[in-house]
Amino acid sequence: MDHEINVDPSTLATVIGWLLLTWHAFLIFLSLLGQYVTQTRYTRKPSPQSSNLGQDAPGVSILRPLKGVDLELTENLRSSFEQRYPKFEIIYSVAKKDDPAVSVVHQLMKEYPNVDCRLIIGDRQVGINPKVNNMIKSYESAQYDIVWILDSNVHVDRDTLGRSVDELMQPGIGLVHHLPVAMQPTSYAAEVEHLFLDTNHAKMYLAINQVGLASCVMGKSNLYRRSDLDRAGGLGAFAQYMAEDNIIGEALWHQGLRHRMSADSACQVLGRITPSEYCRRRARWVRLRKYIVTAATLTEPFTESIVCILMGATGAHILFGTPLFRYFILHWLAWFVNDCLLYRTLVHTASYARKPHQPLGLYQFARAWISREVLALPLYLYAMAGTRITWRGQDYRCLSDGTAVPIAKS
């Protein structure tokens with residue numbers, strides 16, 4: 001005998017309403033957690049203990065792969081030479097001997113003759129990832145077990161290495177990474193990129209890592225032990241992936257090694273960015289992640305302010321009859337204020353070598369923030385519909401297994 005299951009429409013509406021409102025409340029919690037971490041960690045940076053150990057300090061090999069002359073390259077590389085840490089070496093690497101970055105490195109080596117530094121010219125093809133191909137020789141020839149992979153387009157504070165080693169030496173910690181922070185935008189599109197990295201991305205990155213339920217790593221600036229990575233096949237094993245930073249983080253996490261963030265930032269000077277460059281960057285971001293962290297990528301649009309608050313507004317309207325427009329405006333304003341406070345804290349505490357960074361004025365901030373929020377969903381949908389990315393002048397097609405193949409230039 002068939003039994004019909006009748007669901008009361010009012011009960012179903014109530015369940016949907018609570019689900020929508022709960023999701024909004026959860027995102028409010030993450031936003032406030034990101035704010036809390038920013039205010040407590042980055043405004044009171046501890047003095048590094050490892051830096052006081054002299055030659056008893058663990059040695060660190062700083063690996064910086066280079067290609068071309070990034071904006072503020074000299075100052076970015078200088079920040080490695082000026083680390084206040086007693087025992088480290090710097091290994092720069094370029095694929096070709098005529099790369100213009102070579103002369104920058106040679107000049108800095110002359111300025112800092114007492115720093116253990118060398119330059120390796122020539123890459124080795126171990127996979128599709130040009131960054132890994134570039135620094136594989138550096139990785140294999142490093143004299144210390146701890147390696148610090150530091151991108152050429154960022155600079156760091158002088159005590160970053162000391163604080164990072166302090167964290168890495170804690171029991172159960174296998175990777176230390178730093179918050180990516182954007183600075184010095186000189187165009188409207190660069191301001192939008194600036195606001196993305198220093199508000200939405202920053203607070204979610206900090207909140208997720210504070211909770212620490214899974215690996216969440218961006219590869220601008222990472223420290224880990226070669227002995228740990230070698231148990232996962234070594235650096236070369238990750239050359240088949242374009243997002244090797246994420247995969248390396250997961251490989252270490254699966255060994256039972258947790259990740260930690262020190263109170264430091266990896267600061268990138270943006271300069272001028274065109275609107276099309278901004279769109280391509282955001283598309284590349286999504287397309288690299290959608291096959292690697294699929295669940296997180298699929299939930300991404302629901303973490304954005306407009307979609308999330310509309311969900312909360314719908315839930316509140318269903319449950320309590322709250323006017324949709326009033327709910328949306330009040331909560332979007334609160335979201336704006338929270339992002340503004342977090343942004344100003346980050347730009348004041350992030351160090352830029354020899355140049356103080358001035359935050360955007362309120363008008364510029366509001367213009368870039370609103371633009372970023374409005375563009376978030378359309379750019380996400382555009383990125384999810386494609387597989388093509390551009391990396392350092394080369395086009396690639398992302399594959400469903402997280403790898404990529406180069407696209408021949410016509």
Side-chain angles (χ1 to χ4, degrees), residues 45 47-48 50-55 57-123 131 134-144 146-165 178 180-184 186 219-223 262 264-271 349-358 392:
K45 298 183 180 183
S47 298
S50 300
S51 299
N52 300 323
L53 296 177
Q55 289 306 302
V60 178
S61 296
I62 305 175
L63 312 185
R64 303 203 72 166
L66 309 171
K67 182 176 181 180
V69 179
D70 293 305
L71 194 62
E72 299 288 343
L73 179 65
T74 300
E75 294 303 315
N76 295 340
L77 303 189
R78 190 188 304 278
S79 69
S80 294
F81 284 92
E82 295 187 346
Q83 287 301 298
R84 292 185 287 213
Y85 189 79
K87 194 174 181 181
F88 68 91
E89 65 170 345
I90 308 173
I91 309 177
Y92 294 107
S93 58
V94 293
K96 300 178 180 179
K97 63 181 180 180
D98 60 349
D99 193 297
V102 170
S103 61
V104 177
V105 173
H106 284 156
Q107 180 59 41
L108 287 169
M109 291 172 69
K110 291 179 182 178
E111 290 185 35
Y112 299 89
N114 296 324
V115 175
D116 185 0
C117 177
R118 53 197 165 100
L119 171 66
I120 294 178
I121 298 177
D123 61 1
K131 178 180 175 181
N134 190 343
M135 65 180 178
I136 189 67
K137 292 181 180 179
S138 302
Y139 177 85
E140 293 176 348
S141 65
Q143 62 176 305
Y144 301 119
I146 299 176
V147 292
W148 181 9
I149 310 298
L150 187 58
D151 282 359
S152 62
N153 61 357
V154 298
H155 66 267
V156 292
D157 181 76
R158 293 178 178 181
D159 287 321
T160 296
L161 181 51
R163 280 190 288 263
S164 301
V165 172
H178 309 118
V181 174
M183 311 177 81
Q184 305 286 355
T186 59
K220 289 287 185 186
S221 179
N222 296 168
L223 284 87
S262 71
D264 294 284
S265 306
C267 307
Q268 178 182 357
V269 175
L270 292 176
T349 58
S351 169
Y352 176 37
R354 296 176 175 81
K355 293 181 183 179
H357 175 60
Q358 296 299 321
R392 295 281 187 172

Problem set entry | Verdict with supporting geometry, V105 and V94, side-chain contact (heavy atoms from CB on, under 4.5 Å) | CA-CA 10 Å; V105 173; V94 293; over 6 Å; no
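Under the side chain to side chain donor-acceptor pair (under 3.5 Å) criterion, Q143 pairs with E89, D116, not counting sequence neighbours. With sequence neighbours left out, R84 forms a side-chain contact (heavy atoms from CB on, under 4.5 Å) with R158, D159. The side chain to side chain donor-acceptor pair (under 3.5 Å) search around Y139 returns D230, not counting sequence neighbours. A search for side chain to side chain donor-acceptor pair (under 3.5 Å) contacts involving T74 returns nothing, not counting sequence neighbours. Taking R163 as the reference, D157, D264 meet the salt bridge (charged side-chain N to carboxylate O under 4.0 Å, His left out) condition, with sequence neighbours excluded. With sequence neighbours left out, A95 forms a side-chain contact (heavy atoms from CB on, under 4.5 Å) with D123. For E111, the side-chain contact (heavy atoms from CB on, under 4.5 Å) criterion is met by R78, Q107, L108, not counting sequence neighbours. Taking the side chain to side chain donor-acceptor pair (under 3.5 Å) definition, one finds that S141 meets it with R118, sequence neighbours left out. Judged as a side-chain contact (heavy atoms from CB on, under 4.5 Å), and not counting sequence neighbours, the contacts of N134 are P65, S93.
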Tabulate below the donor-acceptor pairs under 3.5 Å that side-chain atoms of residues 146-153 make, not counting sequence neighbours, or state none.
unit_1: W148; atom_1: NE1; unit_2: S221; atom_2: OG; d: 2.8
unit_1: D151; atom_1: OD1; unit_2: K131; atom_2: NZ; d: 2.7
unit_1: S152; atom_1: OG; unit_2: D70; atom_2: OD2; d: 2.5
unit_1: N153; atom_1: OD1; unit_2: K220; atom_2: NZ; d: 3.3

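Listed by first then second residue, pairs satisfying salt bridge (charged side-chain N to carboxylate O under 4.0 Å, His left out) with a partner in residues 91-107 number zero, not counting sequence neighbours.
In this structure, OG1 in T186 is found 7.5 Å from CG in L71, a value given to the nearest 0.5 Å. Of the inter-residue distances, the one linking I62 atom CD1 with S80 atom OG reads 5.0 Å to the nearest 0.5 angstrom.
Proximity of L223 to H178: side-chain heavy atoms (C-beta onward) are separated by under 4.5 Å at one or more points.
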